[in-house]
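Reviewing the structure listed below.
Chain identifiers are assigned alphabetically (A, B, ...) following the order of the sequence lines, protein sequences preceding nucleic acid strands; residue numbering begins at 1 within each chain. What you see below is based on every heavy atom in this structure, not just the backbone, and it leaves out hydrogens, waters and symmetry mates.
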Amino acid sequence: MKKLINSPDSVIADALRGMAAAHPSLAVDLENRVVSRAGGVMAGKVGLVSGGGSGHEPLHGGYVGYGMLDAAAPGEVYTSPVPDQILAATKAADHGSGVLHIVKNYTGDVLNFRMAAELAEDEDIRVVSVVTNDDAAVEDSTYTAGRRGVGGTVFVEKLAGAAAEEGADLDTVAALATRVNEATRSFAIALHAGTVPAAGKPGFDLAENEVELGVGIHGEPGRERGTMQPVHDLVGYALDVIHADRPIAGDQLVMLNGQGGTPLIELYGAFAEAVAWIEGHGGTVARSLVGNYITSLDQQGFSITVMSLDDELLRLWDAPVSTPALRWGR
Amino acid sequence: MKKLINSPDSVIADALRGMAAAHPSLAVDLENRVVSRAGGVMAGKVGLVSGGGSGHEPLHGGYVGYGMLDAAAPGEVYTSPVPDQILAATKAADHGSGVLHIVKNYTGDVLNFRMAAELAEDEDIRVVSVVTNDDAAVEDSTYTAGRRGVGGTVFVEKLAGAAAEEGADLDTVAALATRVNEATRSFAIALHAGTVPAAGKPGFDLAENEVELGVGIHGEPGRERGTMQPVHDLVGYALDVIHADRPIAGDQLVMLNGQGGTPLIELYGAFAEAVAWIEGHGGTVARSLVGNYITSLDQQGFSITVMSLDDELLRLWDAPVSTPALRWGR
Amino acid sequence: MAFDVQTATAWITASEAVVKANEARLTGLDAAIGDGDHGANMARGLAAALANIAEKEPATPGDVLVAAGRGIVAKTGGASGPLYGTAFRRAGKALGDATEATAEQVGDALEAALTAIKELGGAAEGDKTMVDGLAPAVAAFRQAVADGGDLASASVAAADAAEAGLAATVPLQARKGRASYLGARSVGHEDPGAASLALILRALAEVTA
Amino acid sequence: MAFDVQTATAWITASEAVVKANEARLTGLDAAIGDGDHGANMARGLAAALANIAEKEPATPGDVLVAAGRGIVAKTGGASGPLYGTAFRRAGKALGDATEATAEQVGDALEAALTAIKELGGAAEGDKTMVDGLAPAVAAFRQAVADGGDLASASVAAADAAEAGLAATVPLQARKGRASYLGARSVGHEDPGAASLALILRALAEVTA
Ligand SMILES: Nc1ncnc2c1ncn2[C@@H]1O[C@H](COP(=O)(O)OP(=O)(O)O)[C@@H](O)[C@H]1O
Ligand SMILES: Nc1ncnc2c1ncn2[C@@H]1O[C@H](COP(=O)(O)OP(=O)(O)O)[C@@H](O)[C@H]1O
Ligand SMILES: [Mg+2]
Ligand SMILES: [Mg+2]
Ligand SMILES: [Mg+2]
Ligand SMILES: [Mg+2]
């Protein structure tokens, strides 16, 4: 697989240079690999930090800005960032009222963020971590690593970001983030695996009539291999799994997300199926996102993330946001 | 190639249903296949209509909204819309001050829009057409079909849209659109061809060490086949061609566009190279877009579109815009 | 045999069938030097032509062709929609309200179609377009009639000429349509529009045989 | 032979070399049931370990391992960074400021590493992780020392046990780390972390031979 890169080693550094040049609203620390807001922030605002492996763009750097994150720490492709880097992001995000770490549930992310939090506390920055784990494809159990954090992370960043912007304190923002995570479920299906630059070939091979059901965001195989179906059936499968795990009822926030290599025209078609399914089950799609919001490089496929809305969550979703990847209301 | 669709015949209809559900700001006429603004428009504003084959999303439907288009007419995949459909879009866009047709220079688009314009004049709607032809890959000549309209179309839609929103009359908006088109050049390189749903396989085959240089936006082969290079060299090649055709000097508006299947992280890396090239040649990147703005389904590769800015063009670029795919300032 | 409503309708019916049967081939030709939709475009367009004929129930062969052309323009899109659509419409108009057109009149109609395509698309012979099939076909049809041939033999001559014209597009470099963007790389391929045109004229020869 | 600064440094050097040589294999194992970065992670981490040792010029074998661990944590990322990094750091701390650690002390250090990994990652034996290589290796090392073996023979016993532990991960279903997301599909593959661990303990056996 050809990649539009200089070398696998320079992918992150090159991309960060590009982000810095493309977005004057971002401050990009190329040395520490931290993306933070260039503009001023209301003193006393709770800081929001996220991060994780790269390859999921626009997550997380594209969500730094008013109403969402204060800083992001991008690791190597599909590899969590290191503690010092997360510490640097935490310092960049600290406005005196503590910092929320939004961590996707992967052993590497959890451990590196935990170490960074310890380092931050040594420097008298209070850190609370919220671990997202919205992937309904994975059996949850206390004996395992548990569920993965996937698309729901975007919702957590948006809604917690809005609460922080409104002046909520660290514990309130953390409690909200937890509530959002709990109200959210995702499921993903891949048609063709993405290619990590260092690997140079797709993470798994699928025949013309095969799909991977229940994939994560790291090009890993899913929970089972299935047969290629019309998008109506694939979307139905995904929503059936989510619905069985946490019933879909009432007003929903729905993200129909592309994995990086699927045309937008197909994502709109998939979204039409999702809306039909949800309305057919008595729910309502009150708000939505359709596009590439949490990707797996050039993987082909989609994920659906569904959250039950209440008045507070709806208000926070509609609150102004101004980041490279999500922008409305200002 | 697997496609996330129900059937090749239903792709456009399904996507339009999805767009309608995803964007309350849009009115989607499923029968006539017209996407227009749902909200009211200042009476007397010049209407802007564009359209063309589908598969280039977010172009054009994603650019319908305040500060850009009034209506879009999406044809079948890679096939220009038909006259009746363009007429319906023209009617939806007419607020009493005439309508600008923004037409990409392809025989099919030009002919169908010309027929639609004749139909519109029969209904007493004044139509002026501006044909975009910014592709520096194609030799221009009066004996040929001339250059293709590609990425520059996005700039024309944005800047003409801003002028129309300010209340400029039809001839002024058309003159501005022409000026934007003339100040703009594009060049594209593909790594892997996209797949039209009805065809089911990529438009051309490239070996692991090959690229297509000077491709258009319809999965067609380029002006020559080249050797795969680091992104530094590919971007340099593209900018060399553009620079030779129309020198890049002074403040530039630069779009580093993905063809639909290239990861955003790679586009940022490519953009970093473009900025370095332009600054190395004494120019300045004053404004930019990095992402998927005019795509070729799931084709892998990029295009660069460069426009020389003056004070008026800069002001119009910065003017508020609120569409599904471009949004700032309100 | 004369060119009446039945023959005209049979021509469009046969054209639709042969294009449908050759859809993949036409698409393949277009994928090589264009955007790979000519098969789908022509299939959609001729199906719309048939539907419009069925709906309008035209009373003259001219009106059959006008209805076909309108159907094509309304549903095809692309370059071939306006070009073929207008060509059929102008051909139909050229037949006036004759209920049985003579071979000579059919020759005039084909000439009108050629003129329409040249006017609209601006292509000359040698630009590697459908004109390279239609221009020699019109000439051959007229010559056959001048030599005393009837509709059937003139149509065979036209079809033969269109197929020869198609073959002659292979070494040409395209100067119009999408294939022109390929520059020298367009050499060595049949033009898709000339290919669909040859099929349609062969269909005429078959329904008039 | 005793475990001194030279031996400790030689161990990390040999580990880096063998991991680098096996980078593609480790990545392949991780691609099958994880995300395909374990080879790159370990190569990057152990290179950082070497760089940090070179920079810090540690005076004791304990400090060599602490420097290695810090280098790994600072540059690796992923699950293996904190796990291996903390393991080396804790192992180093367990050695105290001895300039020549005995086989028994090295056994304690390996035990400290195992405890650190279990504490941090929460994995037990049988969860299909590096613990399945390290736990039997520590036991074998201690047993060899108890049986009167020296550093060299105990290290060989540890490396053998780690390799057996690696082989024993094949039929297991993963319950920790990314492979756990595959559920039953994780069965039938070697665990990548257990594989890198076996390489690192074989390197210990070689430098102490
Ligand atoms: N300017 C023109 N004049 C005459 N024929 C043309 C012209 N442009 C294109 N064509 C014909 O149209 C054919 C392509 O039609 P089609 O693929 O359906 O449309 P598009 O090029 O819009 O995809 C070409 O093979 C050529 O024969
Ligand atoms: N909770 C855990 N406890 C012990 N070892 C673990 C745990 N999670 C993962 N590992 C080990 O880490 C290895 C994967 O490391 P690596 O691929 O470098 O990191 P990542 O999983 O973050 O991509 C696994 O093969 C396993 O041996
Ligand atoms: Mg990883
Ligand atoms: Mg076309
Ligand atoms: Mg075509
Ligand atoms: Mg891994």
### Query
If you take all heavy atoms of C:Thr60 and C:Gly96, which pair is closest and at what distance?
OG1-O, 4.3 Å
Chain B contact via [X] - side chain, backbone, both or neither, heavy atoms under 4.5 Å:
| X | result |
| --- | --- |
| C:Thr76 | backbone |
| C:Ala74 | both |
| C:Ser186 | neither |
| C:Ala32 | backbone |

Using non-hydrogen atoms only, which part of [X] is less than 4.5 Å away from chain C: side chain, backbone, both, or neither?
| X | result |
| --- | --- |
| B:Phe204 | neither |
| B:Asp84 | side chain |
| B:Pro221 | both |
| B:Arg225 | both |

### Message
Below 30° counts as parallel, above 60° as perpendicular, anything between as tilted: where do the rings of B:His56 and B:Tyr78 land?
### Response
parallel
### Query
Can you tell me how far CG of B:Asn133 sits from CZ of B:Arg147, rounded to the nearest 0.5 angstrom?
7.5 Å
### Query
For B:Tyr293 and B:Thr305, does a side-chain donor sit closer than 3.5 Å to a side-chain acceptor?
no
### Message
Closer than 4.0 angstrom, basic N to acidic O: yes or no for B:Glu76 and B:Arg33?
### Response
yes
#### Entry: The single option from B:Thr132, B:Asp134, B:Asn257 passing side-chain hydrogen bond (donor to acceptor under 3.5 Å, both in side chains) against B:Ser186
B:Asp134
